[in-house]
Amino acid sequence: MTIEWYPGHMAKAKRQIAEVMPKIDIVIEVLDARLPVSSANPMLEKLRGNKPCIKVLNKSDLADPDVTASWVEYFDQQKGVKAIPLDARDRSATGQIPKLCRRIVPHKGKPGKTLRAMVVGIPNVGKSTLINTLAGRKMARVGDKPAITTCPQQIDLRNGIHLADTPGLLWPDIRNQKSAYRLAASGAIGEGGMDYVSVALFAAEYLMDRYAEALASRYKLAEIPESASALVEQVGRKRGCLIAGGKVDLQRASELLLRELRAGLIGLVSLETPGEILEVEGGRDR
Ligand code: G4P
């Protein structure tokens with residue numbers, strides 16, 4: 001599900017999150033563990049001010065566990081932040097969140113006191129899944145409108161915690177080209193008008209650099225080709241993505257590579273590391 005974000009939507013979403021924020025004790029920011037910086041919207045930091053934040057590195061079942069561990073370390077150094085890797089569909093793992101909320105905001109969530117939490121994040125990171133798992137039931141889907149209701153209903157989690165039933169929806173920050181490619185490769189943005197070939201070439205280059213063994217094993221490659229385009233071509237040829245004359249259909253080959261990457265079929269893959277982000281501190285070339 002992709003949302004077209006227009007400046008009016010962004011301004012409205014920002015305003016509505018700002019309105020809800022004073023009523024919230026803790027923000028649960030859902031990020032994609034495979035691209036936790038690119039799947040964030042830096043505006044949230046300003047909106048939450050000094051409010052504590054749990055950064056949920058979601059879909060960690062698809063991410064490289066070593067890279068995820070280094071992301072947890074990276075975020076834990078930030079003031080007021082605690083990061084946890086998660087598969088939001090996993091009920092027992094999700095049970096850590098209420099405990100963590102009470103540990104971070106110890107004066108709330110006790111008998112007679114209510115701790116108010118809100119889930120926020122860009123589309124498709126798993127916000128609804130997390131709310132449903134925490135609530136233990138499927139909440140009515142309000143649709144991914146580019147805003148939250150100004151006065152979301154509270155779900156009583158029966159452990160001293162009240163959770164806003166509507167997530168705060170943020171837009172993906174695609175000002176940086178690499179972030180845009182990572183978001184597109186993960187499936188968070190794009191779909192409709194996406195240029196599959198250039199996204200697949202970007203992903204192929206990254207995979208060749210960091211996950212060569214996984215690629216070789218998935219596509220039974222004797223050796224890793226010299227270039228990203230040669231890799232996409234070989235994948236297409238091996239999988240029969242051909243057009244007349246025996247040429248490779250690059251569009252189909254690209255779609256296949258991205259589909260398999262997103263489904264975790266190439267292996268547990270992360271698309272950015274703290275080292276890469278720190279290297280270009282300031283986000284000039286993230
Ligand atoms: P959103 O509210 O932030 O927009 O995201 P949502 O919960 O709708 O989740 C988007 C997709 O991501 C869903 O898949 C959901 O099942 C999947 N998902 C959420 N959390 C996790 C996770 O931790 N690991 C993995 N692997 N997937 C996760 P879908 O195919 O779009 O929908 P569905 O067919 O599963 O309902």
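Just so it is clear, the values below take in all heavy atoms, side chains as well, and ignore hydrogens, waters and symmetry mates. Whatever order the structure lists ligands and atoms in, that order sets their numbers, starting from 1. Numbers for residues simply follow the sequence, beginning at 1.
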### Query
Checking side chain to side chain donor-acceptor pair (under 3.5 Å) against R89, which of D61, T94, T129 comes through?
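Single side chain to side chain donor-acceptor pair (under 3.5 Å) partner of R89 among D61, T94, T129: D61.
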
Give the atom numbers and elements of ligand 1 that come within less than 4.0 Å of a heavy atom of [X].
{"X": "A88", "answer": "20 (N), 22 (C), 23 (O)"}
{"X": "L62", "answer": "26 (N)"}
{"X": "D87", "answer": "22 (C), 23 (O), 24 (N)"}
{"X": "V125", "answer": "3 (O), 5 (O)"}

### Task
Check each heavy atom of D61 against ligand 1 and say whether those closer than 4.0 Å belong to the side chain, the backbone, both or neither.
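The side chain, only.
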
#### Entry: Structural part of V30 in contact with ligand 1, heavy atom criterion under 4.0 angstrom
neither

#### Entry: Closest heavy-atom pair and its distance - G126, A88
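Looks like O-CB, 4.2 Å.
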
### Test of proximity, N58 against ligand 1: N or O pairs below 3.5 Å
yes

### Message
Does any N or O of ligand 1 fall below 3.5 Å from an N or O anywhere on P123, backbone included?
### Response
no

### Message
Is a donor from one side chain sitting under 3.5 angstrom from an acceptor on the other, for Y181 and E205?
### Response
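No, no side-chain donor-acceptor contact under 3.5 Å.
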
### Task
May I ask you to decide whether D25 forms a salt bridge with K51, counting only side-chain N to carboxylate O separations under 4.0 Å?
no

### Task
Without swapping roles, check the side chain of N41 against the backbone of D173 for a donor-acceptor pair under 3.5 Å.
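Flag not set: sc N41 to bb D173 has no pair under 3.5 Å.
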
### Query
Does the pair Q77 and E73 meet the rule for a side-chain hydrogen bond (donor to acceptor under 3.5 Å, both in side chains), with working shown?
CA-CA 7 Å; Q77 286 165 19; E73 210 181 311; 4.6 Å; no

